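Below is one structure, written out as C-alpha cells, with a few remarks after it.
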Amino acid sequence: MRYPQGGGLTAERQEFRERLRLEAAERFGRGESNAVIAKDLRVSVRSVQGWRRTWAEGVTRERCAGPGWPSAGRGPRPHAHPAWAGHRGT
C-alpha cells in the first residue's frame, strides 16, 4: 500500500519532521556522527542515514516540491557544499 504525500502524517507532524531534518543537516555540516544525531533528536539511526545521503547529494529545502525531502534519484543533484563537489557516492 502506498501512502499519500507526507506518508500519512498530519501537517503538524510533517512540519515537526522537517524541523528535525533541518537540525540534522546543520549537524552534518559540523561533522557529527549519525548515532549522536539520532540519539539527540530521538529518531532512528536509519532515518539519519537517509537524511545524510540526501544532504550529501545537495538537496535543499528550496528545491523540494513538498514539505519533505525528495527521495534519492529524483531530479538534478546540485551540491550544497563545495567539499561535496564531484562526489558520486558508492
Side-chain angles (χ1 to χ4, degrees):
M1 174 179 174
R2 292 195 174 254
Y3 290 100
Q5 179 67 24
L9 300 175
T10 64
E12 294 81 19
R13 193 68 182 163
Q14 287 175 6
E15 182 60 34
F16 174 75
R17 293 292 288 186
E18 183 63 14
R19 284 194 307 271
L20 289 179
R21 289 183 194 105
L22 294 174
E23 171 66 24
E26 289 177 16
R27 296 175 77 164
F28 298 153
R30 295 194 297 256
E32 294 184 37
S33 74
N34 291 343
V36 170
I37 295 169
K39 182 180 177 189
D40 291 349
L41 298 181
R42 296 181 175 192
V43 298
S44 71
V45 174
R46 296 285 298 213
S47 290
V48 176
Q49 289 170 340
W51 297 342
R52 186 180 295 270
R53 265 192 310 276
T54 303
W55 176 80
E57 291 174 353
V59 177
T60 62
R61 184 179 172 125
E62 291 78 33
R63 299 208 36 98
C64 294
W69 290 350
S71 59
R74 276 199 224 157
R77 294 190 237 170
H79 296 284
H81 191 275
W84 288 98
H87 175 74
R88 289 241 183 244
T90 55

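Being a predicted model, the structure only gives us computed values, none of them experimental.
Taking every heavy atom of both residues into account, Ala24 and Ile37 meet most closely at CB-CG2, 4.0 Å.
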Pair Glu15, Arg19 - check side-chain contact (heavy atoms from CB on, under 4.5 Å), show working. CA-CA 6 Å; Glu15 182 60 34; Arg19 284 194 307 271; 3.3 Å; yes
Candidate pair Arg17 and Trp51, rule side-chain contact (heavy atoms from CB on, under 4.5 Å), full reasoning: CA-CA 11 Å; Arg17 293 292 288 186; Trp51 297 342; 3.5 Å; yes
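If you take OG on Ser33 and CZ on Arg52, they are separated by 7.5 Å, rounding to the nearest 0.5 Å.
Residue-environment remark: CZ (Arg30) exceeds the threshold of 12 foreign heavy atoms within 6.0 Å.
One hydrophobic cluster, built from ILVMFWY side chains closer than 4.5 Å, cannot hold both Trp55 and Val36; they sit in different ones.
Each of Val43, Leu20, Leu41, Asp40 was checked for a side chain to side chain contact (heavy atoms under 4.5 Å, CB included) with Val48, and the lone residue meeting it is Val43.
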